[in-house]
Each structure stands twice: as C-alpha cells, then as structure tokens.
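Shown next, in structure tokens, is the structure this report addresses.
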Amino acid sequence: DGGITQSPKYLFRKEGQNVTLSCEQNLNHDAMYWYRQDPGQGLRLIYYSQIVNDFQKGDIAEGYSVSREKKESFPLTVTSAQKNPTAFYLCASTQGRRFGNTIYFGEGSWLTVV
Amino acid sequence: GESVGLHLPTLSVQEGDNSIINCAYSNSASDYFIWYKQESGKGPQFIIDIRSNMDKRQGQRVTVLLNKTVKHLSLQIAATQPGDSAVYFCAELGNKLTFGTGTQLKVEL
C-alpha cells in the first residue's frame, strides 16, 4: 500500500548530539514537509521541499537541517544548535491541490532530550 | 530565535449541539484550504477541503464555509458527538502547506 513512513516513533537525544528523523513516501509525491508540534500547540513548519534536490526554510528552521537527494526521502536532522528539541515531529507529502485527501501524514516521531 | 507558539483556544459544546470552529488565514493568494482533526499523539486526519472558487462545501455532518473577503474559514459540525473531541486545524496549500493555530474541541455529556 502507498503511504508515508516516519521512523523512529520514539527517539531520545543527549545534549550536544545530532539526531536524524526519517521520512519516506512511496506515493510519488513531489512535495514534502516537516512540522514540529509542542504539547498543546499547533503545527509549525520547519522545512519543505517542492522537488528533489531543492528545499526551503519554513518558519522555525533554526537548529534543523534537511536533504532531498531522492524523491521518496526527506530526512530531518535536529542539530545540537536546536536548544529545545523535545517535541512531536510530523512529516507530510502531497502532489498538489486536488480535492480529497491528497495530503498524507506520517505517524509522527517523539523526540526527547535526556 | 525560535518564536513561542500560542496555546490552543478551547471550544466546549454540549453533546448534540452544533459546533463552529473558526480560522483566519493571511495569504490572499491561497486557493485551497483543508480542515484536519488531530487526536493526541497522532497525525492529522483529513476532514474536508474547499477551493477558493467555492463559498461552501458539505460533507457528512460537516460544512466548511469560506469568506474570501475577510480571509476567514469555518468548520461547522452538526450534532457534535463525544468522538468529535480533538484538536481541529485549518490549513492552506499554496506554495507550501501552512496550518492555523488550531482549536481544542471538548464535548460535554
């Protein structure tokens, strides 16, 4: 079945470490997105990519990095520069503005700093 | 530096009543809007969408209204049920997918 997969579901990071969250989709979607969600708050855009080998900063890109070397993959690295990384991270992909449920979300990754 | 997010506003309704959740958007060029429902610890679930050339669209127990003049979107849920308790977000898909602040809907028995 086609879908979008995030891993790991739960991740613990020590102070000063970089960690990478995986996002893979087999939907042949061009656009992919990463969001951060803090408890009781909304979804904030970190980075997005409209096409392979290209990506743009979202609203809260500081302390994060991404790559888009393959169409199906959009990994997010939370660097040591991100001082408050504990949050729920969501990846999404879409092929454009068509009616219906055309935007797919992963199940999310919980990142905790220990 | 990183901005601090706003805590979600809460809407409390009695079971069986109608709920109206509002959303304002900022980009007048946005032409496609979506409402999502999110339960704790899960990804958003699609509810209904609407294009900018429409004012209203109806689904099962839900209606979305779009007022482009004031850049306002609303989601109406008829006969609200306990299972409707969740956070509701509007989103606009232009050159990027952007979410509104969200509203926590609490259904009281």
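Predicted, not measured: the structure shown is a model, and the values here were computed from it.
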Decide whether [X] and [Y] are clustered together by the hydrophobic rule: side chain heavy atoms of Ile, Leu, Val, Met, Phe, Trp, Tyr closer than 4.5 Å, transitively.
{"X": "B/Met54", "Y": "B/Val62", "result": "yes"}
{"X": "B/Leu65", "Y": "B/Phe46", "result": "no"}
{"X": "A/Val52", "Y": "A/Met32", "result": "no"}
{"X": "B/Ile77", "Y": "B/Leu11", "result": "yes"}
{"X": "B/Trp35", "Y": "B/Tyr25", "result": "yes"}

Inset, instruction - Starting from the C-alpha separation in whole Å, work towards a yes-or-no answer on side-chain contact (heavy atoms from CB on, under 4.5 Å) for B/Val87 and A/Gln41. - result: CA-CA 10 Å; B/Val87 176; A/Gln41 297 186 16; over 6 Å; no

Inset, instruction - Kindly state whether the ring of A/Phe105 and the ring of B/Tyr36 have centres lying under 6.0 angstrom apart. - result: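 Between A/Phe105 and B/Tyr36, the centre distance is under 6.0 Å.
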
Report which part of [X] has an atom under 4.5 Å of a heavy atom belonging to chain A: side chain, backbone, both, or neither.
{"X": "B/Gln104", "answer": "neither"}
{"X": "B/Ile47", "answer": "neither"}
{"X": "B/Lys42", "answer": "backbone"}

Legend entry - Proximity breakdown for A/Gln6 and chain B, heavy-atom pairs closer than 4.5 Å: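 Looking at A/Gln6, nothing touches chain B.
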
Quick one: pull up [atom1] in [X] and [atom2] in [Y] and give me the separation to the nearest 0.5 Å.
{"X": "B/Thr98", "Y": "A/Tyr33", "atom1": "OG1", "atom2": "OH", "answer": "8.0 Å"}
{"X": "A/Leu90", "Y": "B/Phe99", "atom1": "CG", "atom2": "CZ", "answer": "8.0 Å"}
{"X": "A/Gln50", "Y": "B/Lys96", "atom1": "CD", "atom2": "NZ", "answer": "10.0 Å"}
{"X": "A/Leu43", "Y": "B/Leu97", "atom1": "CG", "atom2": "CG", "answer": "9.0 Å"}

Inset, instruction - Considering only heavy atoms, give the residues of residues 106-114 of chain A separated from chain B by less than 4.5 Å, sorted numerically, with 'none' for an empty result. - result: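 Within residues 106-114 of chain A, the residues under 4.5 Å from chain B are A/Gly106, A/Glu107, A/Trp110.
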
Legend entry - Over 12 foreign heavy atoms within 6.0 Å of CD, B/Gln14: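 Yes, the 6.0 Å shell around CD holds more than 12 heavy atoms from other groups.
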
Legend entry - B/Lys56 atom NZ, neighbour heavy-atom count above 12 within 6.0 Å: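 Open: at most 12 neighbouring heavy atoms sit under 6.0 Å from NZ of B/Lys56.
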
